[in-house]
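Chain naming here is simple, since letters A, B, ... match the order of the sequence lines and numbering starts at 1 in each. Note: hydrogens, waters and symmetry copies are ignored here, and every other heavy atom, side chains too, is used.
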Amino acid sequence: MYNSMTRRREPLEVRDPGRVGMYVCGPTVYGQLHIGNFRCFVVFDTVARFLTAEGYTVTRVQNFTDIDDRMIERAQREHTTVAALAERYIAHYHEEAEALGILRAQVHPRATEHMDAIIRHIQGLVDSGHAYEVEGDVYFDVLSFPRYGALSGQRLDEIEAGARIEVDERKRHPADFALWKHWRPGEPSWPSPWGQGRPGWHIECSAMAETYLGMDFDIHAGGHDLIFPHHENEIAQSEAWHGGRFARYWLHNGMLTLKGAKMSRSEGNVMQVSSLRQRYAPQVLRLFLLSAHYRSPLVFSEELLQSAASAWARLDEAYGRLTVQGQAEEGAQALDRRLLEAARLAHENFYRAMRDDFNTADALAGVFDLAREINTSMGPGVGAAATRRLRGALREFAGVLGLEFTDPGELEPHFAAMIRQRELARGRRDWAEADRIRDELARAGVLLEDTAQGVRWRRA
RNA sequence: GGCGACGUAGCCAAGUGGUAAGGCAGAGGACUGCAAAUCCUUUACCCCCGGUUCGAAUCCGGGCGUCGCCUCCA
């Protein structure tokens, strides 16, 4: 898998055999989340699912940033408290995440619930000379950490030259960043050795990652836009205090763009998951997000979602064919063998692709290949054992990708009776009656397909 | 100005040295009472110009273009 730190693909070598500790930078919960935010969570949920399928015990930690400038600003504007705002949008996250099939992380820590660890960490940095206090603010001293810039490739003199940083005369270097911010009227605050105040943005992730995963944990993941300064600063804070390595592998997903620019809450060019969900099945949204490699930028468009919807229908219908057919005691040997071979090949291709830096787009190709084989060969003559194997294979692939097939269930008896009536009508070439019944069933959500092997039904 | 990514068919997209997966859309065909679904066939000067190599979409150099970061950001 590709490691942003080394800019190379590397084999996964975990700290503790059989275990993967993974920290995903979560959202700041000041408002609705958009599909671009969720690309990250879907991608790394898929990574976690895959690593689990590979036999690792995965501990995923995904935080909520529930105290920062925007939260304070939004709370004041809405005449509510920061805490209430956080509760509302954490619930919002969970609702949308569940709809998208994102598994709960083992831990969803919140910054405000880890003040002790945060303050201890800042104190450690102050004590070891990596941070300094100015008028109740505490800043990290980037010049005290020689490796600063290793992840992002930024050089301190260039950062200075960039001149996009507002000059704060109190800081020793323009790139020094706040670990602790002094209290101002109307803001939530916590007591600290430097007076009432609140943590800066980056320190919470260091403190929480260390709390739950320790140093030198396996995978630190997040959006590509977090590389600098957020992740760079996390590394500096953690490694300056503890020494050693903060995280082994850094994974960054590409941005989702809309109208030629990164989808961003501050830019306003967003598509809310909540509104997309009204028009597209969660599997469709997920398939769309996984249709490109996770590190590539991805363009959002309705056309692509339509395309994903058609693609998902293809897979779902192939799966449906497995549930309503293939019940023969003794299957046609040649056909069974052919299908089992297709399943074996799909399995091989799927996992090879996923092992290659989580190449979901490539992995999906194997799934579609299997779907075509099912569409070609599946019929009443296929044995039950082979059918079960195919169903298991498809469900396994879907499970790794976080997709769930529609289970058509048993056909209700009165629908079955209607289908039999229609067959009788067709037998006497009473097309008007046959079409009438078909239309009625369609309105009830049961679609009929007349095939060479007989009539087949599926749900709309 | 600095750091980084990307440019493959109408659209999306995989493919890191041996003449191009997969999906969507289109066209033609098969099947069908019709419909739907499905299957088959079909569409690529791999951004441009040089270079390395027996051989390059893949490596190197130079362009052009798009995007991200350098400020809150998944």
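Listed candidates were B/A74, B/C72, B/C11. Nearest to the side chain of A/Arg70 is B/C72. Which of B/G22, B/G15, B/A37 sits closest to the side chain of A/Arg372 comes down to B/G22. Here the side chain of A/Ala361 is nearest to one of B/G33, B/A37, B/A14, namely B/A14. Closest to the side chain of A/Lys262, from the set B/C34, B/C24, B/A74, is B/A74. Ranking B/C69, B/A14, B/A74 by closeness to the A/Gln154 side chain, first place goes to B/C69. Here B/A37 is the nucleotide among B/A25, B/G68, B/A37 with the atom lying nearest to any side-chain atom of A/Glu449. Taking the side chain of A/Ala434 as heavy atoms from C-beta on, and the options B/G4, B/G33, B/G23, the nearest nucleotide is B/G33. For A/Arg314, taking side-chain heavy atoms from C-beta onward, the closest of the listed nucleotides B/C12, B/C24, B/A74 is B/C24. Looking at the side chain of A/Leu304, the nearest of the listed nucleotides B/C12, B/A14, B/G68 is B/C12. Of all nucleotides listed (B/A74, B/A14, B/C34), B/A74 comes nearest to the side chain of A/Met255.
Every residue meeting the side chain to side chain contact (heavy atoms under 4.5 Å, CB included) condition with A/Ser264, not counting sequence neighbours, appears here in chain and number order: A/Lys262, A/Ser266, A/Glu267, A/Asn269.
Annotation: B/C49 and B/A56 have their P atoms spaced 14 Å apart (nearest Å). Rounded to the nearest Å, the gap between the C1' atom of B/C46 and that of B/U8 is 4 Å. Taking atom P in both B/G63 and B/G2, the straight-line distance is 12 Å, to the nearest Å. Separating the P atom of B/A25 from that of B/G51 is a span of 43 Å, rounded to the nearest Å. Across B/G29 and B/G18, the matching C1' atoms stand 35 Å from one another, rounded to whole Å. When the C1' atom is compared between B/U19 and B/G15, the two are found 14 Å apart, to the nearest whole Å. To the nearest whole angstrom, the two P atoms, one in B/C3 and one in B/U41, are 50 Å apart.
Because its NZ or CZ atom is not both nearer than 6.0 Å to the ring centre of A/Tyr319 and within 45° of the ring axis, A/Arg395 does not count as a cation-pi partner of that residue.
Side-chain rings of A/Tyr249 and A/His220 stay apart, their centers remaining 6.0 Å or farther from each other. Separation of the A/Phe145 and A/Tyr148 ring centroids does not fall under the 6.0 Å cut-off. Aromatic rings of A/Phe177 and A/Tyr139 (six-membered ring for Trp) have centroids beyond the 6.0 Å cut-off, not under it.
In terms of polar N and O atoms assigned as donor or acceptor, the side chain of A/Asp68 never comes within less than 3.5 Å of the base of B/C72 in a complementary pairing. Residue side chain A/Arg438 reaches the base of B/C34 through a donor-acceptor N/O pair under 3.5 Å, judged by distance alone. At a cut-off of 3.5 angstrom, counting only N and O atoms as typed in the model, there is a donor on one side and an acceptor on the other between the side-chain of A/Asp435 and the base of B/G33. The base of B/U16 is paired with the side chain of A/Arg9 by a donor and an acceptor separated by under 3.5 Å.
Taking the nucleotide of RNA chain B with the nearest heavy atom to each of A/Arg295 and A/Ala371, the more 5' of the two is matched to A/Arg295. Mapping A/Ser264 and A/Gly153 onto RNA chain B by nearest heavy atom places A/Gly153 at the nucleotide closer to the 5' end.
B/G22 has no base stacking with the ring of A/Phe368 when judged by centroids under 5.5 angstrom apart and an interplanar angle below 30°.
Using a 4.0 Å heavy-atom cutoff across all strands shown, A/Asp69 reaches no nucleic acid atom at all.
The 12-atom threshold is not exceeded at CD of A/Glu98, counting heavy atoms of other residues, nucleotides or ligands nearer than 6.0 Å.
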